[in-house]
Number of protein chains: 2
Amino acid sequence: MSTIRAAREAAQSLSSKVQTALEGLIWSGALPPGARLNEVTLARQLGVSRGPVREAARALERTGLVTVILNRGAFVRTLTIDEAMQIYELNSVLFGSAAARLAVACTGEQAMTLRAVVEQMDQRIAGGDPEGFFAGNIVFHEQIMAFSGNAAMEAVYLDHTRKLLLMRRRSFDRSGSMAEANAEHRRLLDSILAGDASLARQQAEQHTRSGRARFLTAIAYKDGGPRVGTAAEKNAATI
Amino acid sequence: MSTIRAAREAAQSLSSKVQTALEGLIWSGALPPGARLNEVTLARQLGVSRGPVREAARALERTGLVTVILNRGAFVRTLTIDEAMQIYELNSVLFGSAAARLAVACTGEQAMTLRAVVEQMDQRIAGGDPEGFFAGNIVFHEQIMAFSGNAAMEAVYLDHTRKLLLMRRRSFDRSGSMAEANAEHRRLLDSILAGDASLARQQAEQHTRSGRARFLTAIAYKDGGPRVGTAAEKNAATI
DNA sequence: GCCGCCCGGATTGTAGACATTTTTTCCCCG
DNA sequence: CGGGGAAAAAATGTCTACAATCCGGGCGGC
């Protein structure tokens, strides 16, 4: 029956598979920000026709990964710092709301799950596994959103976090950031378990802001610093 | 040059026009919730090929108006009461955040605009123009979201409000609701102009909850009441 | 020497045709 | 007379072909 499940999952439309492939190409940098998605080239590379490629591109447009211009095609979206800041603010509100909700309605099982994730992240920090920590970090936030019980909020959070993830991976290069972030996770979890909704909301929002700060620091390191400051005119610098 | 502008606006892809047409069909009830979007029929009716219809349907899927199932097509989405409640909660958080932000950063021009909208709604209530009030109500909320200066939040709010609008129009059938809602608008605007972010957030959230209550009342009237209560098992009743 | 114009190549937008899946219908069997 | 199953019909998924549009290079005029 495992084969049945496999066959069932394999039976998704070509567009979906193409969409996943395109996400991978964007992720890996093979399609850098600003690049145009040439329909015939991509179709040939992926061994499909232009139709599925077009549908996948339009789907990616709705998720915000690309923008399409009439008669000119789809371009990999370049997120400005301003847009990233706005997404952080949005995520802050959503994550804070979810934490507050969870503080008054957290089950024992959920608490154990969250504790386990935090423990695991600590181990991965100690073991020098930044990729593992990164994955655990995502799980922690997504679990809290999922446990909050509002599917609409969760979907919005996931959508926007994915956009940020396109560039955020580098934010945790320094091990100090990871320990700092996980300490915040632990404090937030304590507040939730204590049932203090107001404190949990505040800590969740603060944690998101800290993540934003870590992200900006990483950007500054990467780009050499001065640019972030000088480009403040429009903050149009792509990341 | 007016002709140039007109030509420029007319020069949008067929998919966009088809999408608008489909939204209209769903809006008007010609495509009731649960109905399947027959590609060849719609294509024939609209005088285009299946391609644009498909693209429009996929676009509508991302906006949440339809859901598409592999090999079965696109169906007009049926929003459950649970989902509507979750969207109200999400909107409450977003609207509250925007109001709080606006309370500390509202310009004089923005204040005048909002005041004018509220005045206009009052006039339309007095003039017995529920459709006009309904439009003004949307403008008021969207203006606050726009003035808050976070495009990401605004986009999320608009997207989800549009889903609710599919059914919310009937919520204001009783004139008492309109007066009540506009009184809340006025109080919220006063808080914003007073610069009290905390109060503005609270009033904005409260206003959204009131809107949810008005909506539930309208639903109860429409469906005869008992169903909402008994269907609480899964709240799967479509609206 | 520079600007504007025109034309060819390339690319996207749309239409129509074929393949695959789903749904419906109808017949046969119990 | 009701239910199961197979075949036909219909609908979607995908592919190929054609039309409209946009970008870059070269030419002529000022």
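Note on naming: letters A, B, ... go to the chains in the order of the sequence lines (proteins, then strands), and numbering restarts at 1 for each one. The structure presented is a predicted model; accordingly, all values stated were derived computationally and were not measured.
- When the P atom of D:dA19 is taken as reference, atom CG of B:Leu14 falls 16 Å away, rounded to whole Å.
- Under a 4.0 Å N-O distance rule, the pair B:Glu83/B:Arg77 qualifies as a salt bridge.
- At the phosphate of C:dA10, neither OP1 nor OP2 sits under 4.0 Å from any side-chain N or O atom of A:Asn38.
- The A:Asn71 side chain lies nearest to D:dT21 when the options are D:dG13, D:dT21, D:dT14.
- Under the 4.5 Å side-chain criterion, counting only non-hydrogen atoms from C-beta, A:Leu14 is in contact with A:Lys17.
- Among C:dT22, D:dC22, C:dT11, the nucleotide with an atom closest to any side-chain atom of B:Arg72 is C:dT22.
- For the pair B:Leu70 CG and D:dT12 P, the computed distance is 12 Å after rounding to whole Å.
- The interatomic distance linking B:Glu55 (CD) with C:dT14 (P) rounds to 7 Å, in whole Å.
- Not counting sequence neighbours, A:Thr113 has no partner by the side chain to side chain donor-acceptor pair (under 3.5 Å) test.
- Although no hydrogens or angles enter the test, the distance criterion places no donor-acceptor pair under 3.5 Å between the side chain of A:Ser92 and the main chain of A:Tyr88.
- Atom-to-atom, CD of A:Glu39 to C1' of D:dT14 comes out at 15 Å; the value is rounded to the nearest Å.
- Within 6.0 Å of CZ on B:Arg209 lie more than 12 heavy atoms contributed by other residues, nucleotides or ligands.
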What pairs of donor and acceptor atoms, side-chain ones from residues 142-153 of chain A against any protein atom, are under 3.5 angstrom apart with sequence neighbours left out?
unit_1   : atom_1 : unit_2   : atom_2 : d
A:Ser148 : OG     : A:Met145 : O      : 2.7
A:Asn150 : OD1    : A:Ala152 : N      : 3.0
A:Asn150 : OD1    : A:Met153 : N      : 3.0
A:Asn150 : ND2    : B:Gln86  : O      : 3.1
A:Asn150 : ND2    : B:Glu89  : OE1    : 3.4

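- Of the residues in residues 41-54 of chain A, those placing a heavy atom less than 4.0 Å from an atom of DNA chain C are A:Arg50, A:Arg54, in numerical order.
- The CZ atom of B:Arg36 sits 6 Å away from the P atom of D:dA11 (whole-angstrom rounding).
- Contact check for B:Leu37 versus B:Leu25: no side-chain heavy atoms found under the 4.5 Å cut-off.
- Contact annotation: the side chain of A:Val66 approaches that of A:Ile26 to within less than 4.5 Å [non-hydrogen atoms, C-beta and beyond].
- For B:Arg162, the CZ atom counts as densely surrounded, since its 6.0 Å shell holds more than 12 non-hydrogen atoms of other residues, nucleotides or ligands.
- Proximity of B:Ser13 to the phosphate of D:dT21: no side-chain N or O atom is located under 4.0 Å from OP1 or OP2.
- Between the P atom of C:dT22 and the CZ atom of B:Phe75 lies a distance of 12 Å, rounded to the nearest Å.
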Any N/O pairs under 3.5 Å between the protein and nucleotides 5-8 of chain D? List them or say none.
none

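- From A:His141, atom NE2 reaches atom CG of A:Asn137 across 5.0 Å, with rounding to the nearest 0.5 Å.
- For the pair A:Glu61 CD and C:dT12 P, the computed distance is 14 Å after rounding to whole Å.
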Under a 3.5 Å cutoff on both atom distances, Watson-Crick or G-U, what's the dot-bracket for DNA chain C ([ ] crossing, | other strand)?
||||||||||||||||||||||||||||||
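- Partners of A:Phe140 under the ring pair (Phe, Tyr, Trp, His ring centres under 6.0 Å) rule, at least two apart in sequence or in another chain, are A:His185.
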